[in-house]
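This report concerns only the one structure given below.
Because only heavy atoms are used, hydrogens play no part in the values below, and waters and symmetry mates are left out as well, while side chains stay in. Letters A, B, ... are given to chains in the order of the sequence lines, protein chains preceding strands, and every chain is numbered from 1.
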Protein chains: 2
Amino acid sequence: MPEDLRQDDVELLARIAHRYYVDDRTQEEIAREFALSRPKVQRLLERARWSGVVDIRIQAPPWLHLDLEDALRNAFHLSDAIVSPSRPDAQSQREAVARSAAQYLERHLRDGTVVAVSHGRDTGEIPRFFRPGRRLDCTFVSAMGGSPRVDNPTNPNEICRALADHCGGRAESLYAPAYVESAEVRDQLLRQEAIAQTLGVAGRAGVALVGIGGTDDGCTMVRGGCLSTDEMARLRRQGAVGDVLGNYVDIEGHLIAAPHRDRLVALSVEDLRRIETVVAVASEAEKPRAILGVLRAGVIDVLVVDETNARAILDLAGTAEAGQPAPPEPRRNVQRG
Amino acid sequence: MPEDLRQDDVELLARIAHRYYVDDRTQEEIAREFALSRPKVQRLLERARWSGVVDIRIQAPPWLHLDLEDALRNAFHLSDAIVSPSRPDAQSQREAVARSAAQYLERHLRDGTVVAVSHGRDTGEIPRFFRPGRRLDCTFVSAMGGSPRVDNPTNPNEICRALADHCGGRAESLYAPAYVESAEVRDQLLRQEAIAQTLGVAGRAGVALVGIGGTDDGCTMVRGGCLSTDEMARLRRQGAVGDVLGNYVDIEGHLIAAPHRDRLVALSVEDLRRIETVVAVASEAEKPRAILGVLRAGVIDVLVVDETNARAILDLAGTAEAGQPAPPEPRRNVQRG
DNA sequence: TTCACTGGTGAGCAATTGATCACCCCGGGG
DNA sequence: CCCCGGGGTGATCAATTGCTCACCAGTGAA
């Protein structure tokens with residue numbers, strides 16, 4: 001009970017708030033009933049919200065962490081952050097994150113949208129849950145080459161095909177490997193019209209769907225043969241913590257120059273920056289440093305992540321990035337609530 | 001958690017409600033963020049309110065009983081009901097009720113309002129608390145005659161004077177006794193211009209402030225000499241439970257014909273019915289039957305009462321009058337909000 | 001293949017809210 | 001007595017909400 005309010009003021013606040021929120025009366029009706037002006041009723045309602053006389057709670061299901069989502073959005077200037085439940089085993093956790101990402105895509109994709117897709121086990125899980133309620137005439141195009149060394153379902157072309165199948169859209173395959181032996185060969189490849197054309201489409205996509213890779217030897221880049229374990233060790237020594245589309249960053253989000261980049265057939269970080277909505281999915285346990293580094297690089301607009309990683313990212317980021325909590329603002333009444 | 005909602009629907013409800021009520025986003029902004037239409041967001045918000053995902057509570061002070069006020073208003077078609085705290089002793093309780101009534105009058109009275117005032121200990125206590133924040137050019141006029149047999153502060157003329165003093169208004173005294181010896185004398189008195197004029201003003205008042213009297217021998221009507229104890233006993237035998245301005249009613253609210261009425265100098269029930277806002281105050285312990293009878297008579301628009309009496313009235317009235325509870329309606333957001 | 005039903009959309013409009021402002025009243029201090 | 005500050009009002013207008021509707025797409029049953 002706010003101490004700075006006189007007893008009869010508190011009673012008036014409570015009565016007026018009761019009429020508005022419980023009895024659904026308009027401010028005009030309340031003004032007439034209490035013989036007050038409408039601005040006065042409005043200020044009293046605002047005061048009721050501010051003072052806690054009106055207590056509005058969102059009874060979210062226990063697996064939702066709206067607070068974490070808020071914190072992530074605010075700390076990294078994301079347009080959206082979705083935190084799904086953590087699960088005891090990695091596969092269930094990956095599925096939960098994939099489901100959330102699929103729901104996001106179902107709502108946001110429109111006919112004509114072009115979606116550039118990366119490789120990865122996290123992105124590879126999304127098509128299973130991608131079931132728009134209506135057909136979507138989208139184009140899914142690979143954002144990077146593939147590799148026979150990894151499972152089909154983690155290859156971009158296959159992911160695109162599966163996504164397109166589930167919504168009646170189209171897939172545009174990139175007929176190129178993810179890596180080649182030299183920069184020269186890579187440049188020569190990119191000059192092939194079929195390849196340049198497809199990567200051009202990917203570069204002009206409205207949405208990119210990417211995974212965030214780690215720097216452990218079990219990551220997709222190493223398993224796919226894009227990097228040797230020696231190259232990965234060197235990247236770690238250089239401070240790399242994670243990558244997106246083969247572009248490695250350190251914990252501060254700075255891009256790390258490495259010769260392997262010249263051999264990759266994939267969209268660059270500059271390409272990603274030009275894409276309006278970059279959706280990143282990450283579910284693997286103990287990957288927060290990778291995610292944090294990529295977030296700080298500033299190319300991600302939407303993050304879909306599990307709870308454990310979310311908490312760890314925010315802990316690592318500390319108060320400097322989570323920022324000073326905003327002063328509590330009066331909430332909407334209904335209307336504003 | 002509503003069982004009829006799919007998991008992903010519940011998550012969507014919770015997220016959208018969180019944006020609206022906690023983050024203060026507009027429905028338009030939320031629609032854009034979640035790639036939905038505005039009508040859809042609105043329906044989801046309404047559903048969130050309906051389903052309990054949004055929980056709006058009014059943290060009223062413990063001495064307020066907004067539920068009792070609602071129940072009284074609904075059961076007796078009152079335009080307002082104010083329930084003030086019960087107190088251990090009768091005088092404190094009377095003061096609490098008087099304070100509430102004074103606050104009501106302070107808000108509702110306007111320059112030019114004419115207030116007809118009855119006698120009584122409850123109404124007599126109101127001037128002590130009546131302190132409008134600005135001067136009010138009102139006229140307080142006696143609705144009935146006075147009696148030297150009771151304390152000055154419970155006589156209508158004195159109550160009017162005190163109310164007028166506290167707001168810079170005017171008092172119009174009725175120079176007549178509350179009762180005379182016969183109907184003939186009463187009719188003769190009413191023909192006196194001074195008396196007819198004042199009662200005429202009272203009958204045209206916009207507000208009436210009345211007490212509710214009981215049928216015990218200690219009530220103001222008996223103490224003031226308006227009724228003998230024999231007459232009171234006979235009224236009780238006739239089923240009378242209470243009175244307003246000397247007009248007795250039974251528990252069903254039916255007016256009881258009694259010869260004393262012809263000897264009273266006071267506004268009639270018909271007069272009261274013509275007054276737009278009749279405010280009744282009642283604080284005496286164990287008076288619910290009187291209050292219930294008078295409420296059922298249908299002349300009261302606003303009731304100011306203590307909690308104990310309020311509960312007893314509603315209990316006496318039972319479910320027939322309290323009516324079937326209305327089905328739970330979706331509450332306003334802010335708007336409802 | 002057709003039809004009915006469900007549930008979405010954008011558009012449009014009325015109602016309500018949020019905010020501002022000029023004006024007024026009152027009280028307190030100089 | 002004058003001035004200033006606080007807090008109210010009604011009026012006004014922009015923004016937002018509440019609601020309706022025609023239209024569209026998809027699904028399932030006949």
Side-chain angles (χ1 to χ4, degrees), chain A residues 4-6 8-9 12-13 16-17 19-21 23-50 54 103 106-112 131-138 166-169 329-337, chain B residues 4-6 8-9 12-13 16-17 19-21 23-50 54 103 106-112 131-138 166-169 329-337:
Chain A
D4 55 336
L5 290 170
R6 287 165 50 214
D8 43 352
D9 285 344
L12 190 60
L13 277 189
I16 284 178
R19 288 295 184 281
Y20 188 74
Y21 287 101
D23 297 339
D24 269 338
R25 296 288 177 265
T26 66
Q27 292 178 10
E28 180 68 33
E29 290 172 340
I30 295 170
R32 269 194 260 109
E33 181 185 342
F34 286 84
L36 296 166
S37 67
R38 196 171 65 73
K40 176 71 170 177
V41 170
Q42 189 186 332
R43 283 196 291 272
L44 287 170
L45 283 169
E46 181 175 352
R47 189 143 193 213
R49 293 191 286 270
W50 172 84
V54 173
Q103 284 166 8
E106 283 169 7
R107 285 200 308 273
H108 281 78
L109 296 186
R110 294 287 177 268
D111 286 346
R131 293 279 185 281
R134 67 190 184 287
R135 80 184 299 273
L136 268 178
D137 192 14
C138 292
H166 291 169
C167 70
E329 291 176 71
R331 290 174 300 198
R332 214 177 287 274
N333 40 30
V334 57
Q335 246 202 29
R336 278 242 325 195
Chain B
D4 57 332
L5 290 170
R6 287 164 51 213
D8 44 353
D9 285 345
L12 190 59
L13 278 190
I16 285 179
R19 288 294 184 283
Y20 189 74
Y21 288 101
D23 297 337
D24 269 338
R25 294 291 178 266
T26 68
Q27 292 177 10
E28 180 69 34
E29 290 170 340
I30 294 169
R32 265 193 265 108
E33 181 186 340
F34 287 83
L36 297 167
S37 66
R38 198 171 62 77
K40 176 71 170 178
V41 170
Q42 189 186 331
R43 283 195 291 273
L44 288 169
L45 283 170
E46 181 175 352
R47 192 153 192 200
R49 293 191 287 271
W50 172 85
V54 171
Q103 284 165 10
E106 282 168 8
R107 285 201 305 272
H108 281 82
L109 297 188
R110 294 288 177 267
D111 286 346
R131 293 277 185 281
R134 69 189 185 284
R135 81 183 302 272
L136 269 178
D137 191 15
C138 291
H166 291 166
C167 70
E329 289 177 74
R331 290 170 302 196
R332 216 176 287 275
N333 38 28
V334 109
Q335 253 199 23
R336 36 299 333 359

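Counting to the nearest Å, the P atom of D:dG7 and the NZ atom of A:Lys40 are 9 Å from each other. One atom, CD of A:Gln27, and another, C1' of D:dT16, lie 12 Å apart when rounded to the nearest Å. Distance CG (B:Leu136) to P (D:dG8): 16 Å, rounded to an integer number of Å. The separation between B:Tyr21 atom OH and D:dT17 atom C1' is 11 Å, rounded to whole Å. Rounded to whole Å, the distance from CZ on B:Arg25 to C1' on C:dG18 is 17 Å. Summarising the geometry, the separation between CZ on A:Arg47 and P on C:dG18 is reported as 17 Å, rounded to the nearest angstrom. Counting to the nearest Å, the P atom of D:dG8 and the CG atom of B:Asp111 are 18 Å from each other. Protein atom CG of A:Leu45 is 16 Å distant from nucleotide atom C1' of D:dT16, rounded to whole Å.
Under a 4.0 Å N-O distance rule, the pair A:Arg25/A:Glu33 does not qualify as a salt bridge.
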Would you please test B:Val54 and B:Tyr21 for side-chain contact (heavy atoms from CB on, under 4.5 Å) and show each step?
CA-CA 9 Å; B:Val54 171; B:Tyr21 288 101; 3.6 Å; yes

Scoring nucleotides 19-28 of chain C by protein non-hydrogen atoms under 4.0 Å (B base, S sugar-phosphate only, - none) yields B------S--

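Using a 4.5 Å cut-off on side-chain heavy atoms (C-beta onward), A:Ile16 and A:Leu36 make contact.
For the salt bridge (Lys or Arg N to Asp or Glu O under 4.0 Å) test, no residue two or more places apart in sequence or in another chain qualifies with A:Glu106.
For D:dT16, the OP1/OP2 oxygens have no side-chain nitrogen or oxygen of B:Tyr20 closer than 4.0 Å.
Here the straight-line distance linking atom CD1 of A:Ile30 with atom CG of A:Leu45 works out to 6.0 Å at 0.5 Å rounding. Here B:Arg107 contributes atom CZ and A:Lys40 contributes atom NZ; the two are 10.5 Å apart, rounded to the nearest 0.5 Å.
When the C1' atoms of four end pairs are superposed on the next four at each end of the helix from C:dT1-D:dA30 to C:dG30-D:dC1, using five pairs per end, the two resulting axes differ in direction by 20°, to 10°.
When the nucleotides C:dG18, C:dT17, C:dG8 are ranked by their closest atom to the side chain of A:Arg49, C:dG18 comes out on top.
Where A:Ser37 and B:Glu28 meet DNA chain D, the nucleotide closest to each residue was compared, and A:Ser37 sits on the side nearer the 5' end.
Put simply, the side chain of B:Asp111 gets close to the backbone of B:Asp137: a donor and an acceptor are under 3.5 Å apart.
A:Gln27 approaches A:Tyr20 most closely through the heavy-atom pair CG-CE1, 3.7 Å.
A side chain to side chain contact (heavy atoms under 4.5 Å, CB included) with A:Phe34 is found for exactly one of A:Leu12, A:Leu44, A:Val41, namely A:Leu12.
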